[in-house]
Structures are given as C-alpha cells and as structure tokens.
Amino acid sequence: MPVPMLLSDQALFRDRDVFDPDHIPDTFQYRDGQLRDMAYAIKPALFGSRPHNIILRGIPGTGKTTCVRHIFGEIRETTRRIIPVHVNCRNDHTRHMVFSRIYREIYGHLPPGSGISLRRLLDSIGRELADGRRVLLLCLDDADCMIPEGVLSDTLFPVLRLPEEFPGARSGVILAVSDMDCDLQRELDTPVVPVLQASEISFPPYGEAEVRGILAHRLRQGVCPGVVPDAILDVIVEKTMLCGDLRVGMELLRRSVQNAENAGKTGVSEDDVLPAFALAQNVCLSETVKVLNTDEKRMLRSMAEYSMQEEQMNSRAVYASVREEVPMGYTLYFERLKKFDRMQLISLDTPKARGNTREIALRFDAGSVVDECGE
Ligand SMILES: Nc1ncnc2c1ncn2[C@@H]1O[C@H](COP(=O)(O)OP(=O)(O)O)[C@@H](O)[C@H]1O
Ligand SMILES: [Mg+2]
C-alpha cells in the first residue's frame, strides 16, 4: 500500500488562510489615527454631501488597503447612500475597466455588451447617482500604476466632474499610493489638480514592536499553540524589519511552519526559517515588479544579468551595458535608478563627491529578478 502523502503528517496550522495577502484581519491595530482621518473625510457623504478627496501614502505593507477595506465594510453595513467602489489598479488599469467596476457596484451586474462606450457608462452612472441622490466613493488602490500614459488624470477627471454634469450626483475619491516620492500635483494634468484638492494621510512604516504585535496575533490565529517559540518569532521579526515589508513577515511565518510540518516536526526551528526567507522575499519582488512598465522591467532584468557577471556594479559601467538592451539617455537612466532605489529593488550608495558615479546593489537574488521581469 502506498504511504498516504496528503494527510500523513500532523497539522501545525489552525487556519492557513490568515496568512493570505488578501486576508482581512479581524483586529486591526496601530492605524486608529489614519482610520479616524479617513472617517472625517468621508463623513459628509453620509449626509449626501461631497466627501473630501484623500490620498493615502505609505510604502507597501503599511496597511493602506486594509484600512480602505475596513472603512468600506463599515459603510456597507451603515448606509445605502454611499456607494463604495474599491479598484485595484494593478488589475483594472484602464478607464473603461474602472467605470465598468463602478457600474457593476451600482447595478449589481456588468454593463451589457463588451463594446459599451465610456460616454454611455458615465451617463448611466451619473443618472443613477443624481436620481437616487447617492454618493460615489471611488478608491483607486495603487493608483501609481495608472500614472503612465495619463490614465490616472483621464479617469479622475470625469469622476470628479460628475456633480457638475449631473446635478444632484456626488462623488469623492481615495487614492492609495506606495511611491513615496510620487508628486501627484506634478503627475496629474493641470485641469485635474484644482478639482481634486486632496489632503494626504500618511502611513509610516511599522516599528519593530508593531510588527511583532501584528505577527504574534496572526500566529495565534493561524498556528497551533507552542509551534513557534518566542525566540523564532524574534528571528522572523528581525528579518521582516530588515526588508521593511510586513507581507514578507507573514509569508515567512507561513513558509517556516510549512517547512516544519513537511519535515514531520512539532515545532519550528531556525533551520525552517532560513530557507524560507529567500522565497518569502520574492513576495515583495513580484508585487513591486508588477508596477513597472515594460522598459523599466527590461532595464532591471538587464541589470540583474549584469550583476551575475560582474562583481562591482558601478552606475556608469552599468549604463554602458544596459543601454544596449534598452536605449535611453543618461538622465532617464538615472531617474529610473532612483525609482528602483525608492521601490527598494536596488540600493544606491551615497556619492562621496558631487558628480561621482554610484555603486549599485540589487536587493534581491539576481536569478529571481530575471524570472520576475520576464522576457
Ligand atoms: N495594523 C495591522 N494589523 C494587522 N494586520 C495588518 C496591519 N497592517 C497591515 N496588516 C497586514 O499586512 C499586509 C499588508 O497590508 P496592506 O493593507 O495590504 O498594505 P498596503 O496596502 O499598504 O500595501 C496585509 O496582509 C494586512 O492584513
Ligand atoms: Mg495595498
């Protein structure tokens, strides 16, 4: 008889789902201030007035999406007057996709026919809002993905102008951005800026104690008691702080317990954590790479290939090599390097003197970068 494989070993997990990136935590600590500021901004909509537009800004893994989900859940339980629409711009990144999502939220089904024009979509949305005196609250999550080719401006403008076109209709937007240096005033088209008038809510990175608190709570929910000793949790917290993204911590926890379970052990030890780390880090890599455009991906891939051959990565020498692959001027090249640095894909050392070349280091394993950036 073959040995049963699937159900053979003891289960160390109580509930694996709590480690999914999309899991909505039941307790959500450390973001009371942000939730309160969001509530203030949205409140006028409860009384049928126009909500204040807001920008949520913080590096990935700081709880922006979770806050939006939290507040939207509360809105759905409280009122039918506000129509919350949460769009993940990594997936839905055209105007048509966004308006179809709004339509679906209002009417409960997708717009009829695939070829319905933007104008007709907007008319149906605007009329329903005006007739029902309802307020559209649109969240464009990871809105930075929409900046290239002016998609963000083209999407925001008609939404923000709905009240003028359809008297009685009200609308407000929440923009969540992960790029700390992205200057929306500069990136958005001139007519959009004065109608947006958004205030910013900042999501600073979690400190070590907060990361520990969040991971410990997930651990209690998802894993049987005693499986992960305190000392091991300390190692996981330390590694999470090192790469600065809570999502890596969650993934590292899940993979470490999985490794121990696969080995038939009753508890996690350090040798379950270390091999899990490299793989867990790739969670951020793939999330971050998704935001890059095609040329940026090609440039990053080419840099990773360079790093496999050369010991040192000096910015001038790297430029000479990557521009064969992706033709571009030095200024654009340098802008992109700085962007990769901000996105924590690479690190750039501080120049010793003005005009000096800079040393570059990839923050991820070069082979994984090549894989993630694709052909
Ligand atoms: N304060 C918190 N308490 C519990 N879990 C949190 C908290 N903040 C973030 N998380 C978890 O961390 C992960 C990343 O959060 P997310 O809201 O997706 O961040 P962002 O949208 O800023 O990238 C999610 O799995 C989320 O459940
Ligand atoms: Mg998010």
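In this chain, numbering begins with 1 at the start of the sequence shown. As the structure lists them, so they are numbered: ligands from 1, and atoms in each ligand from 1.
Using a 4.0 Å cut-off between charged side-chain N and carboxylate O, Asp272 and Arg255 make no salt bridge. The pair Glu165-Arg119 counts as a salt bridge, with a side-chain nitrogen and a carboxylate oxygen less than 4.0 angstrom apart. Of the charged side-chain nitrogens involved, at least one lies within less than 4.0 Å of a carboxylate oxygen, so that Asp295 and Arg298 count as a salt-bridged pair. Using a cut-off of 4.0 Å between Lys/Arg side-chain N and Asp/Glu carboxylate O, Arg254 and Asp20 are scored as not salt-bridged. Taking a cutoff of 4.0 Å between a charged side-chain nitrogen and a carboxylate oxygen, Glu261 and Arg16 qualify as a salt bridge.
Here the side chain of Ser153 pairs a donor or acceptor atom with the backbone of Asp189 at under 3.5 angstrom. Using a distance-only test at 3.5 Å, with no hydrogens or angles considered, a donor-acceptor pair links the side chain of Arg301 to the main chain of Gly374. Of the possible donor and acceptor atoms, one in the side chain of Asp349 sits under 3.5 Å from a partner among the backbone N and O of Glu359.
Protein heavy atom in closest approach to atom 13 (C) of ligand 1: Arg247 CG, 3.9 Å. Protein heavy atom at the shortest distance from atom 17 (O) of ligand 1 is Thr66 OG1, 2.5 Å. Here the heavy atom of the protein found nearest to atom 3 (N) of ligand 1 is Phe28 CD1, 3.6 Å. Protein heavy atom at the shortest distance from atom 19 (O) of ligand 1 is Gly63 N, 3.1 Å. Ranking protein heavy atoms by distance to atom 1 (N) of ligand 1, first place goes to Gln29 O, 2.6 Å. At the top of the distance list for atom 18 (O) of ligand 1, counting protein heavy atoms only, stands Thr65 CB, 3.9 Å. If you check which protein heavy atom lies closest to atom 22 (O) of ligand 1, you get Lys64 NZ, 2.7 Å. Nearest non-hydrogen protein atom to atom 25 (O) of ligand 1 is Pro21 O, 3.7 Å.
Phe203 does not count as a contact of ligand 1, since none of its heavy atoms falls under 4.0 Å from the ligand. For Gly61, the heavy-atom gap to ligand 1 drops under 4.0 angstrom.
Between Thr27 and ligand 1, not a single N/O pair is under 3.5 Å apart.
Those atoms of ligand 1 that come under 4.0 Å of a heavy atom in Pro60, given as number and element, are 23 (O). Atoms of ligand 1 found under 4.0 Å from any heavy atom of Thr62, numbered from 1 in the order shown, are 19 (O), 20 (P), 22 (O).
Residue-level proximity to ligand 1 for Leu246 is carried by the side chain, the only part with a heavy atom below 4.0 angstrom. Of the heavy atoms in Ile214, only side-chain atoms (C-beta onward) come closer than 4.0 Å to ligand 1.
A cation-pi arrangement is present between Arg31 and Tyr206, with the terminal nitrogen or guanidinium carbon under 6.0 Å from the aromatic centre and inside a 45° cone about the axis. Annotation: cation-pi pair Arg316/Tyr330 present, NZ/CZ under 6.0 Å from the ring centroid and within 45° of its normal.
Using modelled atom types, one finds no donor on one side chain facing an acceptor on the other under 3.5 Å when comparing Thr240 with Asp245.
Remark: among candidates Tyr30, Phe19, Tyr206, the nearest residue to atom 8 (N) of ligand 1 is Tyr206, based on non-hydrogen atoms. Across Glu210, His23, Arg218, heavy-atom proximity to atom 5 (N) of ligand 1 is greatest for Arg218.
With 2.8 Å as the limit, Asn88 does not count as an N, O or S neighbour of the Mg ion (ligand 2).
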